[in-house]
Amino acid sequence: MGQPANLKKQTRQRMERTGESYTTARKNILAGKPESPRAARAAAARDYAKEAREKAKAQAKKDKEAPAASPADELPEYPAPEDVIQYDAALWHRVLVQAGVTNKHTGQPLSQALLAGLAGGIGFMAFTHEGGEETAVTLVTRNNPEPYTQNLLARCGATVTERTTGSAERAAEYMDAALDAGRAVVVRVAISALPWIDGTTVDEAETLDLAVVGEHKKDLLVDDGSGALNLISPKELAVARAMRKKEKHWQAWIPSSRSPKTETLAANAVEAIEETTARLLGTSELSGVPVHFAKNFGITGMRTLATRLRDSESKTGWSQIFASQQALANGLDQLAGFFSDTRFSGEGALRGLYSDFLAEAAELPGLSALAAHVDAYQQLSAQWDEFADLIDPEIEFSQRAEHFALLADAIERIAEAEEQAATALAATAKQLAAKTAK
């Protein structure tokens, strides 16, 4: 997602006021989390006069003008985003709630955690790429490289209608038909083409799935997970969709409220866990990934990152890659950013959400053994949060080797704990799979 152009400045100002680490301050700004009462009072006191004048002007304007109509033509029962930890799982949670699909075992909607786990849950990939004047850092801690959303849709057990077409006109017809049936429609767009996003802050190739949830006058109402529905014209949406030609105007919706069988959810949860642990442990082949690049994935990838953090001599070592104060600050800022992301990583590297998935899956018939692994992933979540808090984009260039060594120590401890947790979970999943196969 695009981010405020002055995010770094806002983060540093918040750090000064609150004493938070860079990563924590950045994450809290993006999440809209308020500052501590003490810091908030101090900031309010500094701007009290300005705030009072603005309130007076706003009240005067409110008294003179009638309240504007709000875009209230969204589909019934479509919930507002709450506690979003993983963007795609949370988006489909809302779409499935609107469609009336539930977990028959609990009578409740399919949760964000359950959907995230079914999609593959967690993983790891880290690498750097030199392009132009800046070296890009990429960190992915969700399941990778499997198609996350396609796994989610295949395993959630709901009835899903998907459409692709090379025709923008036909794509609009498909979308209108679903909306007319009272269903939210998920479409895939180029983020840079969205009118409320600063296109210069995102890669032109980066995509996002949006839920079209209704109409307001001549515009469409879309849910992009921001907490408020955005308006976009049909033409603007068509342009954003057309920029991603390989997706061929992909869209999906839930035509029926038919809920999955409990046995189906249980079997699919075990299948997802087997895939997740195999990817982490490196015991299954990575489809479409060159052999020389596979060392960047899973627990092996964590150890590769630690090695490159420590390496101060070779061209792949971080000390050589980030060989100036500006490059160092940019690289660490990017790394920190993934822990305040909700797409490809997130808080606790998504391990806390995976712990919630295991706890929920353990309640399904025959899967109670999964409960023994819940605590391990909660502990991993805390370790990843500690790693994120160590990242300091303000570190002096002369201290980069020491800082990288500190990060390497932390990632090596995490890799050891990840291997123990995944090995134990894989053994349980194998036993459960054998039972369900009988």
Side-chain angles (χ1 to χ4, degrees), residues 1 81 83-96 101 110-127 138-158 160 162 164 184-191 202-203 205-211 223-225 244 246-248 250-254 260 265 268-280 284-289 293-294 296-298 301 338-339 341-358 360-361 377 384 422:
M1 290 294 291
D83 300 323
V84 173
I85 298 173
Q86 203 294 313
Y87 177 89
D88 299 282
L91 180 74
W92 278 102
H93 162 73
R94 297 191 293 276
V95 171
L96 288 161
V101 177
L110 299 175
S111 71
Q112 175 185 195
L114 184 63
L115 293 171
L118 291 170
I122 55 175
F124 185 85
M125 178 187 73
F127 68 95
T138 298
L139 178 73
V140 178
T141 64
R142 77 177 195 185
N143 191 39
N144 192 56
E146 282 73 22
Y148 192 89
T149 295
Q150 295 309 117
N151 278 351
L152 185 157
L153 295 179
R155 291 178 179 146
C156 74
V160 181
E162 295 184 70
T164 57
V185 187
V186 177
V187 300
R188 189 159 293 156
V189 301
I191 300 177
V202 293
D203 190 320
E206 189 174 352
T207 62
L208 181 74
D209 289 354
L210 303 172
D223 169 17
D224 69 345
R244 298 299 300 153
K246 72 175 184 178
E247 272 83 23
K248 296 183 178 180
W250 176 87
Q251 57 190 4
W253 64 94
I254 309 298
L265 278 181
N268 289 350
V270 173
E271 177 186 87
I273 291 168
E274 288 189 300
E275 178 186 271
T276 299
T277 53
R279 292 295 182 258
L280 282 166
S284 61
E285 183 180 350
L286 296 172
S287 177
V289 176
F293 198 66
N296 297 305
F297 288 80
F338 282 100
F339 292 99
D341 179 36
T342 58
R343 297 285 314 286
F344 304 108
S345 187
E347 60 182 68
L350 303 178
R351 270 53 181 175
L353 187 65
Y354 197 68
S355 175
D356 292 342
F357 157 68
L358 292 174
E360 191 167 344
Y377 283 94
W384 277 108

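This structure is a prediction, so every number in the text was calculated from the model and none was measured.
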Approximate separation, where rounding is to 0.5 Å, of R155 CZ and L265 CG: 12.0 Å
To the nearest 0.5 Å, tell me how far D224 CG sits from I191 CD1. 9.5 Å
Could you walk me through whether T164 and R188 pass side-chain contact (heavy atoms from CB on, under 4.5 Å), step by step? CA-CA 11 Å; T164 57; R188 189 159 293 156; over 6 Å; no
Is there side-chain contact between F297 and N144, with at least one heavy-atom pair below 4.5 Å? yes
Under a 3.5 Å distance rule, please check whether T277 uses its side chain to pair with a backbone N or O of A422 as donor and acceptor. no
Gap separating the CG atom of L353 from the OG1 atom of T342, nearest 0.5 angstrom: 11.0 Å
Could you go through I254 and W92, starting from their C-alpha distance and side-chain angles, then the distance that decides it, and tell me whether this counts as side-chain contact (heavy atoms from CB on, under 4.5 Å)? CA-CA 10 Å; I254 309 298; W92 278 102; 3.9 Å; yes
Quick one: do S111 and E360 satisfy side-chain hydrogen bond (donor to acceptor under 3.5 Å, both in side chains)? Show the steps, please. CA-CA 9 Å; S111 71; E360 191 167 344; 2.6 Å; yes
Check for a donor-acceptor pair, side chain of R142 on one end and backbone N or O of A116 on the other, with a separation under 3.5 Å. no
For the residue pair N296 and V289, establish whether any side-chain heavy-atom pair is separated by less than 4.5 Å. no
Going through the distances and angles, do D209 and W250 end up as a side-chain contact (heavy atoms from CB on, under 4.5 Å)? CA-CA 10 Å; D209 289 354; W250 176 87; 3.9 Å; yes
What closest approach, in Å, do R94 and G225 show between heavy atoms, and which atom pair accounts for it? NH2-CA, 3.7 Å
Has S345 got a side-chain atom pairing as donor or acceptor with D341's backbone, closer than 3.5 angstrom? no
Taking C-beta and beyond as the side chain, do F339 and L139 meet within less than 4.5 Å on heavy atoms? yes
Minimum heavy-atom separation for G117 and A272, please, with both atom names. O-CB, 3.4 Å
Looking at side-chain heavy atoms only, is the closest gap between Y87 and L208 below 4.5 Å? yes
Is there a donor-acceptor pair under 3.5 Å between the side chain of Q86 and the backbone N or O of R343? yes
Nearest non-hydrogen partners of V101 and P260, listed with the distance: CG1-CD, 3.8 Å
Single hit among L115, V186, L118, V160 for side-chain contact (heavy atoms from CB on, under 4.5 Å) with L153: V160
If you take all heavy atoms of L286 and P145, which pair is closest and at what distance? CD2-CD, 3.7 Å
Are any side-chain N or O atoms of R279 and backbone N or O atoms of E285, one a donor and one an acceptor, separated by less than 3.5 Å? yes
Under a 4.5 Å cut-off applied to non-hydrogen side-chain atoms, are L114 and C156 in contact? no
For the residue pair A211 and L91, what are the closest heavy atoms and their distance? CB-CD1, 3.8 Å
Using 0.5 Å steps for rounding, measure from the OG1 atom of T141 to the CD atom of E347. 11.0 Å
Parallel, tilted or perpendicular: ring planes of F357 versus Y354, cut at 30 and 60 degrees: tilted
Under a 3.5 Å distance rule, please check whether E275 uses its side chain to pair with a backbone N or O of N143 as donor and acceptor. no
Return the minimal non-hydrogen interatomic distance between A158 and L96, and the atom names on each side. CB-CD2, 3.8 Å
State whether the side chain of Q112 and the backbone N or O of I85 hold a donor-acceptor pair below 3.5 Å, judged by distance alone. yes
